[in-house]
2 protein chains.
Amino acid sequence: MKNEQGDVLPPRDFESLRSLIIERRAALPKRLVQVARYFLDHPDEIAFGTAASIASAAAVQPSTLVRFAHQLNYDGFSDLQKVFQGRLRERTSNYDDRLKALKNTKQDKPEETQLLNGFMAAAQKSLQDFSSSIDIETFARSVGILANADTIYLVAKRRSYPLIAHMAYAFGKLRIKNCIIGSPNGIDAEIAELATPRDAALAISFSPYSADSVAHAQMMVRTQVPLVAITDSAFSPLAVCAREWIEIAEADYSGFRSLSASMTLCMALPVAVAEARR
Amino acid sequence: MKNEQGDVLPPRDFESLRSLIIERRAALPKRLVQVARYFLDHPDEIAFGTAASIASAAAVQPSTLVRFAHQLNYDGFSDLQKVFQGRLRERTSNYDDRLKALKNTKQDKPEETQLLNGFMAAAQKSLQDFSSSIDIETFARSVGILANADTIYLVAKRRSYPLIAHMAYAFGKLRIKNCIIGSPNGIDAEIAELATPRDAALAISFSPYSADSVAHAQMMVRTQVPLVAITDSAFSPLAVCAREWIEIAEADYSGFRSLSASMTLCMALPVAVAEARR
DNA sequence: ATATTGTCAGAATATATATTCCATTATTTG
DNA sequence: CAAATAATGGAATATATATTCTGACAATAT
């Protein structure tokens with residue numbers, strides 16, 4: 001079968017595909033117009049359905065779907081379907097931006113530009129994911145726990161340390177008693193023992209969880225200190241023992257995980273706690 | 001295979017499933033815990049992937065996925081997968097719900113939601129502004145200076161301290177000699193004096209500039225140490241004396257300035273330096 | 001009116017995918 | 001420590017699914 005477009009590569013992103021379908025629709029045979037219409041009207045169904053289910057919903061034969069895909073220069077129905085799946089996958093993060101950024105980088109300075117843009121993209125994605133996944137009730141309860149505490153003990157090591165470094169600064173500025181358990185002086189355990197049920201602990205750790213952080217958090221939980229955790233999974237050792245826990249799944253660029261979402265949360269928390277105390 | 005839950009019907013909505021997995025996690029064998037974890041951490045992947053692709057991503061056998069599904073009383077992997085697909089359908093199909101949810105929250109809990117959204121917005125804006133204003137040449141030259149240094153001295157206080165705390169960690173991981181001048185032990189000046197022209201300094205400070213940071217940076221410049229600065233204005237005392245300087249204007253929410261753009265830059269820098277050294 | 005080209009449904013086939021099974025390896029229990 | 005039990009990985013199998021093929025039909029041109 002010959003196609004008037006020759007063997008041009010088919011679009012891989014949804015928007016281009018959409019335009020292509022609209023443009024071609026006029027020149028298509030009857031059944032294929034019917035398919036085109038169904039595809040544009042029910043993109044979600046296309047993403048999840050099987051060829052058979054979609055065919056019957058659109059009142060055509062499965063083979064017609066394959067012909068339609070071929071007409072658009074795709075390998076087959078499955079290939080075309082991937083574009084619809086991609087659309088849903090990227091719904092949360094802004095697909096266009098990332099694509100645009102990637103295109104730009106490929107031209108001028110591959111090394112540094114790509115690197116920087118990669119980290120920027122990861123940061124943006126982290127923020128977007130977090131803002132769509134955060135449960136405000138959990139956040140509010142966490143704030144409540146910390147607001148009722150006498151002293152707030154801050155637990156974090158290694159990669160997460162900068163987060164509590166900032167919180168210690170912010171709490172200090174806001175005149176809220178706090179104490180870091182993450183310093184390199186080796187008496188963390190002793191300090192952790194000073195915490196009472198009238199205090200509260202805030203622990204931050206992401207996979208692979210720092211053994212020390214987990215140990216200190218657990219120690220405090222054992223002595224009835226209310227624990228709020230910020231971590232990346234329901235199975236994190238912190239999540240399982242915390243009174244409240246907030247999930248953050250940071251995006252990464254070539255193995256280096258972002259800190260943007262966590263940092264933003266760590267900026268909001270002290271302010272929220274201060275507000276709650278007033 | 002007999003299951004302690006008998007033949008209770010498995011959950012058909014994502015939230016119930018999530019709870020069920022968390023509840024059962026403890027009683028599950030090792031591999032199945034691993035699967036459980038992957039499922040909850042990467043729900044989107046589960047929705048679209050094939051058993052084979054998911055299995056390899058989670059580092060288990062496809063058969064393990066089936067066993068996991070059976071353990072939860074599903075017919076098989078495909079049956080379980082449908083729940084994950086359903087979640088995505090819900091989430092994307094009615095945009096209205098999310099909007100409604102946002103409105104509701106504004107009534108219920110104006111305090112926390114507004115606060116958190118405000119910080120998120122500031123973070124996003126910072127990233128966007130920075131990504132459109134950054135001069136990649138400057139970044140590349142800064143990386144060059146740091147890559148040629150023997151030891152990298154990191155200068156920052158107060159609000160900027162978490163940034164170099166992260167860099168010290170990153171440089172350390174990348175086996176790049178570095179030294180923090182920002183610790184509270186009072187011998188910063190003495191340490192700064194050790195720097196030679198073969199080293200380099202990286203100073204970070206935003207208005208109002210920390211007197212100490214500025215003093216230390218200037219001291220090093222006087223002894224011919226190449227200085228790279230990250231600051232917020234061309235008139236910053238750091239900008240005027242640095243060999244290279246990168247401008248970052250963070251957005252703020254009710255007076256609290258974001259750290260997202262700076263942090264992202266501080267994640268990219270060490271990696272770029274390490275690449276340049278290779 | 002007839003040849004030609006294009007379209008289609010449905011059957012046949014190829015391929016991808018999930019699932020089951022079994023031998024081997026861990027783990028528990030007496 | 002030995003025996004029993006459960007868990008695991010990998011191959012074999014069953015099933016679902018997409019794709020191709022064929023002949024019939026319809027539209028169009030000659």
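What you see is a predicted model; the values in this text were computed from it and never measured. Lettering of chains follows the sequences in order, A, B, ..., and the numbering in each one begins at 1.
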> What nucleotide among C:dC8, D:dT20, C:dA18 has an atom nearest to a side-chain atom of A:V66?
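Nucleotide nearest to A:V66's side chain: D:dT20.
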> Compare the minimum distances between each of C:dA18, D:dT19, D:dT8 and the side chain of B:A51, then state the nucleotide with the smallest one.
C:dA18
> Measure NE2/B:H70 against P/C:dC21 and give the value in whole Å, please.
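Nearest whole value for this atom pair: 10 Å.
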> Over 60° means perpendicular and under 30° means parallel, so tell me whether A:F119 and A:F256 are parallel, tilted or perpendicular.
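Ring orientation, 0 to 90° scale: tilted.
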> Just by distance, no angles: are the side chains of A:S233 and B:D41 close enough, under 3.5 Å, to form a donor-acceptor pair?
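Distance-only check passes for A:S233 and B:D41.
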> Identify, between A:T64 and B:T50, the residue whose nearest nucleotide on DNA chain C lies closer to the 5' end.
A:T64
> By nearest atom, which of the nucleotides D:dA18, D:dT8, C:dA9 is closest to the B:R67 side chain?
D:dT8
> Side chain of B:K30 only, please: which of C:dA9, D:dT8, C:dT20 is the nearest?
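Of the options given, the side chain of B:K30 lies nearest D:dT8.
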> Look at the side chain of A:L32 and decide which nucleotide, out of D:dT19, C:dA18, C:dC8, has an atom nearest to it.
C:dC8
> In whole angstroms, how far is the P atom of D:dT8 from the CG atom of B:L65?
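So the two atoms are 12 Å apart, to the nearest Å.
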> Among D:dT19, C:dA9, D:dT8, which nucleotide has an atom closest to any side-chain atom of A:R31?
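So the nucleotide nearest the side chain must be C:dA9.
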> A:P62 has a side chain; which of C:dA18, C:dT20, D:dT19 sits nearest to it?
D:dT19
> Nearest to the side chain of A:Q61 - C:dG10, D:dA18, C:dT19?
C:dG10
> Mind checking if A:S63 touches a base, just sugar-phosphate, or nothing, with heavy atoms under 4.0 Å?
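Since a base atom lies under 4.0 Å of A:S63, the category is base.
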> Whether the A:E250 and A:S126 side chains hold a donor-acceptor pair (N or O, under 3.5 Å, no angle test) is what I'd like checked.
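Note: A:E250 and A:S126 side chains meet the donor-acceptor criterion.
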